[in-house]
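Note on naming: letters A, B, ... go to the chains in the order of the sequence lines (proteins, then strands), and numbering restarts at 1 for each one.
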Protein chains: 2
Amino acid sequence: MIKEITEKKERLKTYMKQKGFKSTRQRDIIASEFFKCEDHITAEDLYIKINKRHKDIGSTTVYRTLKLLAESGLATARVFADQLTRYEPVSEDEHHDHLICLDCGSIIEFEDPKLERLQEKIASEFGFSIVDHNMEFYGYCRDCKR
Amino acid sequence: MIKEITEKKERLKTYMKQKGFKSTRQRDIIASEFFKCEDHITAEDLYIKINKRHKDIGSTTVYRTLKLLAESGLATARVFADQLTRYEPVSEDEHHDHLICLDCGSIIEFEDPKLERLQEKIASEFGFSIVDHNMEFYGYCRDCKR
DNA sequence: TCTTTATTGAAAATGAATTTCAATTTCCTT
DNA sequence: AAGGAAATTGAAATTCATTTTCAATAAAGA
Ligand SMILES: [Mn+2]
Ligand SMILES: [Mn+2]
Ligand SMILES: [Zn+2]
Ligand SMILES: [Zn+2]
């Protein structure tokens, strides 16, 4: 197990203790599996992965644990055009947005300070203060466009 | 009835004829009500409005008609953070994005060519060609922030 | 008017996500 | 180590928006 994962699991443990939540075998397995799998996974897909080795862990618990991870700040929930809730590990509090390929489904992450600044500027013109935003581009990735 | 609405209903009729769809009393009433009501309405809310005067029109038909309007290009479907599908009339093919107040729920529309250009630039850096995008800001409007 | 075909509304189905609940587990406190 | 309060679990039930099904009805073209 990679150091980074151990670290995240430690943070989860701390969060749970602080909240009076209990550490369980299920949460441990689900969190580990989540941290080492690809980004933007749905609860259902993570459940399918976990269910191969752990027949006794129910999908309800996977849903619940992903929610817990999001609350603890270790994961972020996102909803793209297919309307499914997807989770990704939080990468050192660095914000990013997404390019989503309509053909192969691949997701490219990017981060652009200029864009963020422009957003702030636009919002301020309306006297609006941004708490959060949601931005995705849909189209075709390099490989999928001809 | 305003001229603009009559015009839109004419366009709908043309679209339906071209597709072999039939003009019905229900579609006429639903489209009229939709075109004259506030933007970003859900099927359910439009149904509630219509149901006051037209007890015989079912919600299923409202769902279906809004979908038809979107297909015909007269409406756009949008999904914001509450995960409900909302519809708004298409305004002379002018694209816009949204500022959504987390307190009062008001929605401010804006349009910024600079932002659009920046988006294209970012996408092209990844060899990605944008077909569509989705961008909303969540926060507090002028009235709701203190 | 006749006839084909689309449309309608009610009810049932869908599917992701949440809730319920009895049984089990965790983790304090003795 | 044992006891016990409180949280957690998995299965099943429930929710809620939306879609599908289907028999009855309505539209439109001949
Ligand atoms: Mn991401
Ligand atoms: Mn709008
Ligand atoms: Zn692709
Ligand atoms: Zn407000």
Side-chain angles (χ1 to χ4, degrees), chain A residues 9 12-34 40-72 75-87, chain B residues 9 12-34 40-72 75-87:
Chain A
K9 288 174 62 178
L12 177 60
K13 209 158 226 167
T14 306
Y15 174 80
M16 289 196 293
K17 178 154 275 175
Q18 179 232 317
K19 287 281 189 177
F21 298 157
K22 290 170 179 171
S23 286
T24 65
R25 182 181 59 87
Q26 289 90 331
R27 283 174 172 166
D28 190 75
I29 290 167
I30 295 166
S32 299
E33 205 62 42
F34 171 69
H40 315 117
I41 195 165
T42 63
E44 199 55 34
D45 285 349
L46 184 57
Y47 166 67
I48 289 166
K49 244 182 233 286
I50 287 169
N51 187 250
K52 286 183 184 143
R53 295 177 172 285
H54 306 279
K55 298 292 180 200
D56 61 319
I57 295 182
S59 66
T60 312
T61 304
V62 176
Y63 275 94
R64 286 193 277 230
T65 303
L66 285 173
K67 219 172 191 192
L68 174 70
L69 286 167
E71 283 159 22
S72 77
T76 308
R78 309 220 178 237
V79 180
F80 299 141
D82 64 5
Q83 304 274 88
L84 300 176
T85 303
R86 295 168 182 280
Y87 291 87
Chain B
K9 287 173 65 178
L12 178 60
K13 209 158 226 167
T14 306
Y15 174 79
M16 289 196 295
K17 178 155 275 175
Q18 180 232 318
K19 285 281 188 178
F21 299 159
K22 291 171 179 170
S23 285
T24 66
R25 183 180 59 88
Q26 289 91 331
R27 282 174 173 166
D28 190 72
I29 291 167
I30 295 166
S32 299
E33 205 61 44
F34 171 68
H40 314 116
I41 196 166
T42 63
E44 199 54 34
D45 285 349
L46 184 57
Y47 166 68
I48 288 167
K49 244 181 232 285
I50 287 169
N51 188 249
K52 286 184 184 143
R53 294 175 173 284
H54 306 279
K55 298 293 182 200
D56 61 319
I57 295 181
S59 65
T60 311
T61 304
V62 176
Y63 274 95
R64 286 192 277 229
T65 303
L66 285 172
K67 220 172 191 191
L68 174 69
L69 286 167
E71 282 160 23
S72 77
T76 308
R78 309 221 178 237
V79 181
F80 299 141
D82 63 6
Q83 303 275 87
L84 299 176
T85 303
R86 294 167 183 280
Y87 291 87

| message | For B:Arg64 and B:Gln83, find the nucleotide of DNA chain D closest to each by heavy atoms; which residue's nucleotide sits nearer the 5' end? | response |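 Closer to the 5' end of DNA chain D: B:Gln83.
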| request: Please tell me which of B:Lys17 and A:Phe21 maps to the more 5' nucleotide of DNA chain D, matching each residue to the nucleotide holding its nearest heavy atom. | output: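 Per heavy-atom nearest nucleotide, the more 5' residue is A:Phe21.
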Measure from [atom1] on [X] to [atom2] on [N] and round the result to the nearest Å.
| X | N | atom1 | atom2 | result |
| --- | --- | --- | --- | --- |
| B:Lys19 | D:dA28 | NZ | P | 18 Å |
| A:Ile57 | D:dT8 | CD1 | P | 15 Å |
| B:Glu44 | D:dC16 | CD | P | 11 Å |
| B:Glu71 | D:dT19 | CD | C1' | 13 Å |
| A:Leu12 | D:dT8 | CG | P | 11 Å |
| A:Leu66 | D:dT9 | CG | P | 12 Å |
| A:Arg86 | C:dA17 | CZ | P | 10 Å |
| B:Arg25 | D:dA26 | CZ | C1' | 10 Å |

Candidates [options] - which lies nearest the side chain of [X]:
| X | options | value |
| --- | --- | --- |
| A:Tyr63 | D:dA11, C:dA16, D:dA28 | C:dA16 |
| A:Gln26 | D:dT9, D:dA11, D:dT20 | D:dT9 |
| B:Ser23 | D:dT9, D:dA28, D:dA12 | D:dA28 |

Sub-4.5 Å side-chain heavy-atom contact between [X] and [Y]:
| X | Y | answer |
| --- | --- | --- |
| B:Leu46 | B:Glu33 | yes |
| B:Leu68 | B:Tyr15 | yes |
| B:Lys19 | B:Glu71 | no |
| B:His54 | B:Ile30 | no |

Counting the atoms with a prime plus P, OP1 and OP2 as sugar-phosphate, which does [X] contact under 4.0 Å by heavy atoms, base, sugar-phosphate, or nothing?
| X | result |
| --- | --- |
| B:Lys67 | sugar-phosphate |
| B:Thr24 | sugar-phosphate |
| A:Ser59 | nothing |
| A:Arg27 | sugar-phosphate |
| B:Thr42 | nothing |

| query | Between B:Leu69 and B:Phe34, is a side chain to side chain contact (heavy atoms under 4.5 Å, CB included) present by the stated rule, with each step listed? | reply | CA-CA 10 Å; B:Leu69 286 167; B:Phe34 171 68; 3.7 Å; yes
| said: Looking at A:Thr85, I'd like to know whether one of its side-chain N or O atoms comes within less than 4.0 Å of OP1 or OP2 on C:dA17. | reply: yes
| request: Ignoring backbone atoms, establish whether B:Thr60 has a side-chain N or O less than 4.0 Å from OP1 or OP2 of C:dA10. | output: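 No, outside the criterion.
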| Within a radius of less than 6.0 Å around NZ of A:Lys9, do more than 12 heavy atoms belonging to other residues, nucleotides or ligands occur? |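 Atom NZ in A:Lys9 is crowded, with more than 12 foreign heavy atoms closer than 6.0 Å.
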| said: If you assign each of A:Leu84 and B:Tyr47 to its closest nucleotide in DNA chain C, which residue comes earlier from the 5' end? | reply: B:Tyr47
| said: Check this for me: does the side-chain of B:Lys22 come within 3.5 Å of the base of C:dT5 through a donor and an acceptor? | reply: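 A donor-acceptor contact between them is present.
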